[in-house]
Amino acid sequence: MNILVTGGAGYIGSHTLVELLAAGHGAVCVDDLSNSSEEAVILAGKIAGKDIPFYKADIRDRSALDKIFTENHIDCVIHFAGFKAVGESMIKPWEYYENNLMGTLTLTDVMRRHGCKRLIFSSTSTVYGDPEILPIREDAPKGNCANAYARTKWFQEEILRDLCGADLRNGDPDPWGIVILRYFNPIGAHPSGLIGEDPRGIPNGLMPYITQVAVGRLEKLTVFGSDYDTPDGTGIRDYIHVCDLASGHVAVLSALKAGSVIDYNLGTGRGYTVLEIVRAFEAANGIEIPYVFGPRRPGDIAAYWSDPSKIDHELGWKAEKGLEDMCRDSWNWQKKNPKGYGR
Ligand code: NAD
Ligand code: WQD
């Protein structure tokens, strides 16, 4: 297949470009570089041994998207482009709704005008809110979101279901075929150390914070909360290696079926506490990570992890890399690129 990857210069998008090309697919990338560097696309192509056509454009720019669909035959779109910072979304909700919702509305309109109605959408485990039952299955309650970012993702999911539902109601001979993927906590980097996560400013995420402490850019980690109802009092998450996450996108290409919207969790099904992550990082890399305990971070949930069995049962796909791989590869990327892509 020839696949348009929106947001392909970003953390998950660049790793997905590598996996798509390795699986024999073609890829075209569009990104406005608002949170990334074109270098990531060039390096993804280098890892895969292929050039990746790159368009620097905002997906809200209809004419720019039209040009891409006119110049390339696109079978399917993997849609990563959007803003993703939870805290920022509560300070700038309008910007988050505008970019994420208008991006998806413009993209899907241009797609249907060009007869391309196969889409894989990046959603998030945060649409499950504070779960009543662990592990979280795809049929758990959704939409009770704790922040504006997660709500933009939930609304985008609903828009996509409405588009497909309308095609079915209207008897459209070529209805939308959509897969919604809900990611748990992606960490790690490509084992080459050429591409990885490069957050702007001080990282919000646990693993990039740890690697920046390890490389000396930050002094120590603050562990947010030590009194949760978990075995060691710190928060539990389901961390998944970004290369596994990327390969999950290749696996679901076969699940894109006209007239259906299918959702899958992408996680490992195993939760780790913050302190377990710190210890695993120290053990994998032989580096001590100084930390202090701080108060709970507002909006944080004590514990959540996925039930990843639906995608395994239906498509025979599951995450393969363990926590040691995630810690080693995260550090390999950071130590080889202390300043990330140097943006
Ligand atoms: P990222 O910020 O590294 O990548 C997103 C990319 O989209 C960036 O390169 C950015 O420049 C681009 N972009 C943003 N708005 C755009 C626009 N209007 N037009 C064109 N390009 C635009 O983020 P990521 O971690 O790679 O996440 C990819 C997707 O997965 C996002 O939609 C994110 O919400 C979702 N997601 C991420 C995580 C995570 O923990 N990283 C978890 C769940 C879901
Ligand atoms: C993990 C754990 C923190 C930093 C968010 C979004 C999610 C996804 C990823 C997009 C928590 C603790 C963290 C630190 C800490 N993004 N922590 N000190 O909050 O689970 O998920 O980002 O969709 O949707 O909600 O990830 O990596 O920020 O935190 O103690 O400096 O590490 O409290 O328990 P989170 P995270």
Side-chain angles (χ1 to χ4, degrees), residues 5-16 29-38 40-41 55-61 64-65 78-87 89 95-96 98-104 106-107 121-128 145-147 149-150 152-153 156 181-187 196-200 202-210 212-213 218 220-226 228 230 234-240 242 245-246 249 266-267 271-275 277-278 291-305 343:
V5 180
T6 77
Y11 174 45
I12 304 170
S14 55
H15 289 81
T16 302
C29 174
V30 58
D31 199 302
D32 67 356
L33 305 180
S34 54
N35 193 37
S36 53
S37 159
E38 186 179 346
V41 182
Y55 293 84
K56 180 178 182 306
D58 188 320
I59 59 162
R60 292 167 295 178
D61 179 345
L65 277 189
I78 304 185
H79 178 28
F80 295 105
F83 292 158
K84 65 162 183 178
V86 169
S89 78
E95 283 73 9
Y96 271 66
E98 211 275 331
N99 192 40
N100 292 2
L101 298 183
M102 289 311 294
T104 293
T106 309
L107 173 70
F121 175 64
S122 295
S123 190
T124 165
S125 54
T126 49
V127 302
Y128 294 114
C145 303
N147 56 71
Y149 159 71
T152 72
K153 288 291 180 184
Q156 287 171 89
L181 297 175
R182 299 196 191 98
Y183 313 152
F184 281 68
N185 286 52
I187 58 171
E197 186 170 10
D198 182 20
R200 268 180 312 177
I202 297 183
N204 296 308
L206 177 62
M207 185 54 83
Y209 204 104
I210 289 176
Q212 291 200 14
V213 170
L218 297 167
K220 58 180 179 298
L221 172 72
T222 301
V223 176
F224 298 141
S226 54
Y228 286 111
T230 60
T234 66
I236 297 180
R237 296 291 183 273
D238 180 347
Y239 298 91
I240 176 170
V242 67
L245 194 76
H249 291 73
L266 287 183
Y272 290 99
T273 67
V274 176
L275 290 184
I277 297 294
V278 171
Y291 65 85
V292 292
F293 288 112
R296 293 181 179 193
R297 184 170 61 178
D300 265 359
I301 288 165
Y304 60 88
W305 62 93
R343 276 183 286 155

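Counting starts at 1 for both ligands and their atoms, in listed order. Fair warning: this is a prediction, and the values are worked out from it, not measured in the lab. All residue numbers refer to positions in the sequence shown, counting from 1. Both backbone and side-chain heavy atoms feed into the values below; hydrogens, waters and symmetry mates do not.
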If you measure every N or O of [X] against every N or O of ligand 2, does any of those distances drop under 3.5 Å?
{"X": "Leu206", "value": "yes"}
{"X": "Tyr149", "value": "yes"}
{"X": "Lys84", "value": "no"}
{"X": "Val223", "value": "no"}
{"X": "Thr222", "value": "yes"}

[X] [atom1] to [Y] [atom2] distance, which is reported to the nearest 0.5 Å:
{"X": "Ile187", "Y": "Leu206", "atom1": "CD1", "atom2": "CG", "result": "7.5 Å"}
{"X": "Leu107", "Y": "Ile59", "atom1": "CG", "atom2": "CD1", "result": "5.5 Å"}
{"X": "Asn100", "Y": "Tyr149", "atom1": "CG", "atom2": "OH", "result": "7.5 Å"}
{"X": "Arg296", "Y": "Ser226", "atom1": "CZ", "atom2": "OG", "result": "9.0 Å"}
{"X": "Leu245", "Y": "His15", "atom1": "CG", "atom2": "NE2", "result": "10.0 Å"}
{"X": "Arg182", "Y": "Ser123", "atom1": "CZ", "atom2": "OG", "result": "5.5 Å"}

Can you name the nearest heavy-atom pair linking [X] to [Y], along with the distance?
{"X": "Thr126", "Y": "Thr124", "answer": "OG1-OG1, 2.7 Å"}
{"X": "Ala9", "Y": "Asp31", "answer": "N-OD2, 3.1 Å"}
{"X": "Ser34", "Y": "Arg200", "answer": "O-NH1, 3.5 Å"}

Ring centroid separation for Tyr183 and His249, is it under 6.0 angstrom?
->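 Centroid separation for Tyr183 and His249: below 6.0 Å.
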For Asp238, all residues meeting side-chain contact (heavy atoms from CB on, under 4.5 Å), sequence neighbours excluded |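 For Asp238, the residues satisfying side-chain contact (heavy atoms from CB on, under 4.5 Å) (neighbours in sequence not counted) are Phe184, Thr268, Trp305, Ser306.
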Non-hydrogen protein atom less than 4.0 angstrom from atom 33 (O) of ligand 2 =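 For atom 33 (O) of ligand 2 the answer is yes, since some protein heavy atom falls inside 4.0 Å.
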Using a distance threshold of 4.0 Å (strictly less than), state whether atom 8 (C) of ligand 2 has a protein heavy-atom neighbour.
->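 No, there is no protein heavy atom closer to it than 4.0 Å.
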Any Tyr239 heavy atom less than 4.0 Å from ligand 2 =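 Flag set, Tyr239 near ligand 2.
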Among the heavy atoms of Tyr183, does any lie under 4.0 Å from an atom of ligand 2?
->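 Judged by the 4.0 Å heavy-atom criterion, Tyr183 does not count as contacting ligand 2.
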What atoms of ligand 2 come closer than 4.0 angstrom to any heavy atom of [X]?
{"X": "Asn185", "result": "20 (O), 21 (O), 26 (O), 35 (P)"}
{"X": "Leu221", "result": "14 (C), 18 (N), 31 (O)"}
{"X": "Thr124", "result": "23 (O), 24 (O)"}
{"X": "Tyr304", "result": "20 (O), 21 (O)"}

Heavy-atom nearest neighbour in the protein, as seen from [atom], with distance rounded to 0.1 Å:
{"atom": "atom 29 (O) of ligand 2", "result": "Arg297 NH2, 3.3 Å"}
{"atom": "atom 5 (C) of ligand 2", "result": "Val86 CG2, 4.5 Å"}
{"atom": "atom 30 (O) of ligand 2", "result": "Phe224 N, 2.8 Å"}
{"atom": "atom 12 (C) of ligand 2", "result": "Val274 CG2, 3.7 Å"}
{"atom": "atom 25 (O) of ligand 2", "result": "Thr126 CG2, 3.0 Å"}
{"atom": "atom 11 (C) of ligand 2", "result": "Arg237 NH2, 3.8 Å"}
{"atom": "atom 4 (C) of ligand 2", "result": "Asn204 O, 3.4 Å"}

Does a side-chain heavy-atom distance below 4.5 Å link Tyr304 with Arg237?
->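 Yes, close enough: below the 4.5 Å cut-off.
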Under the 3.5 angstrom rule, does the side chain of [X] hit a backbone N or O of [Y] as a donor-acceptor pair?
{"X": "Thr106", "Y": "Gly103", "result": "no"}
{"X": "Tyr96", "Y": "Ala85", "result": "yes"}
{"X": "Lys153", "Y": "Ser122", "result": "yes"}

Near ligand 1, at a heavy-atom separation below 4.0 Å: residues by chain and residue number |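 For ligand 1, the residues that come within the 4.0 Å heavy-atom cutoff are Gly7, Ala9, Gly10, Tyr11, Ile12, Asp31, Asp32, Leu33, Ser34, Asn35, Ser36, Ala57, Asp58, Ile59, Arg60, Phe80, Ala81, Gly82, Lys84, Asn99, Ser122, Ser123, Thr124, Tyr149, Lys153, Tyr183, Pro186.
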Between Phe83 and Asn35, is a side chain to side chain contact (heavy atoms under 4.5 Å, CB included) present by the stated rule, with each step listed?
-> CA-CA 8 Å; Phe83 292 158; Asn35 193 37; over 6 Å; no
